[in-house]
Every structure is written in C-alpha cells, then in structure tokens.
Q: 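Dropping a structure here in structure tokens format, bear with me for questions.
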Amino acid sequence: ECFSSILSNLDLEMKLFTKFIKKIFFYTILFAGIVLSSMMFDNYIDTKNDSGYLIAVGICCLIFFILEYLIPKIKN
C-alpha cells in the first residue's frame with residue numbers, strides 16, 4: 001500500500017515536471033519567434049521606429065492567447 005502511494009506520487013511529479021519542461025520549451029520558441037519575426041518585419045516595413053517589433057509581438061501574443069487560453073477553454 002505504501003509502495004503504491006509512493007509510485008503514484010512519483011508518477012504525478014513526473015507528469016508535472018514534463019508539463020513544466022513543455023511550457024519552458026514553448027516559451028523559448030515564442031521568444032525566439034518574437035526576435036526573429038521582429039527582424040523580418042523590420043526589413044519588410046522599413047521604418048526607423050519599432051513598428052516591426054510591435055507587429056511581431058502582437059502576432060506572437062495572439063498565438064499565445066489562442067494556444068494557452070482559447071483552445072483549452074473551447075475543449076472544456
């Protein structure tokens with residue numbers, strides 16, 4: 001009985017750890033997307049201010065909102 005409860009706690013901790021690692025990976029990709037797309041939009045828009053960066057942040061925030069909030073809300 002005690003051994004099975006230890007295994008179930010360990011399984012729960014591993015699930016939380018893998019979920020945490022997936023979130024870190026997702027946020028790293030999101031940050032890289034902000035940086036790379038801001039460079040790309042800056043080249044296409046060709047402005048001297050940060051409008052390319054603002055467009056990139058807006059797109060990445062929209063993707064984040066859809067993936068992290070809207071899709072889980074729709075599934076429930």
Side-chain angles (χ1 to χ4, degrees):
E1 168 114 5
C2 182
F3 186 68
S4 65
S5 68
I6 290 173
L7 282 179
S8 66
N9 284 342
L10 185 63
D11 187 44
L12 179 65
E13 288 177 9
M14 284 301 294
K15 286 180 183 177
L16 289 174
F17 181 71
T18 55
K19 190 175 181 181
F20 179 70
I21 294 296
K22 285 179 183 178
K23 289 280 186 186
I24 287 177
F25 185 66
F26 175 73
Y27 289 129
T28 304
I29 289 176
L30 187 69
F31 178 73
I34 289 173
V35 172
L36 292 175
S37 60
S38 68
M39 290 179 197
M40 185 180 72
F41 282 122
D42 245 357
N43 289 337
Y44 286 129
I45 293 174
D46 196 29
T47 57
K48 300 297 180 201
N49 56 8
D50 293 335
S51 62
Y53 179 73
L54 292 175
I55 292 171
V57 168
I59 290 172
C60 290
C61 287
L62 183 65
I63 291 170
F64 170 73
F65 173 76
I66 290 171
L67 291 178
E68 291 287 321
Y69 180 75
L70 204 59
I71 291 177
K73 205 61 147 164
I74 291 172
K75 283 184 179 179
N76 290 336

Q: Count I, L, V, M, F, W, Y as connected when their side-chain heavy atoms are under 4.5 Å apart, and connections chain through other members. Are Phe31 and Ile29 then in the same cluster?
A: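 No.
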Q: Step through the shown structure and confirm whether more than 12 heavy atoms of other residues, nucleotides or ligands are within 6.0 Å of CZ on Phe26.
A: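 Result for CZ/Phe26: enclosed.
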Q: Do Phe25 and Ile71 land in one hydrophobic cluster if side-chain heavy atoms of ILVMFWY residues count as linked below 4.5 Å?
A: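 No, Phe25 and Ile71 fall in different hydrophobic clusters.
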Q: Report the distance from atom CG of Leu62 to atom CG of Leu67, rounding to the nearest 0.5 Å.
A: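 Reported value, rounded in 0.5 Å steps: 9.5 Å.
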Q: Side-chain heavy atoms nearer than 4.5 Å, only ILVMFWY residues, links allowed to pass through others: does that put Met14 and Phe20 together?
A: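 Each belongs to a different hydrophobic cluster.
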Q: When rounded to the nearest 0.5 angstrom, what is the spacing between CD1 in Ile21 and CD1 in Ile24?
A: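 One finds 5.0 Å between CD1 of Ile21 and CD1 of Ile24.
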Q: To the nearest 0.5 Å, what is the distance between CZ (Phe64) and CG (Leu70)?
A: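 It comes to 12.5 Å.
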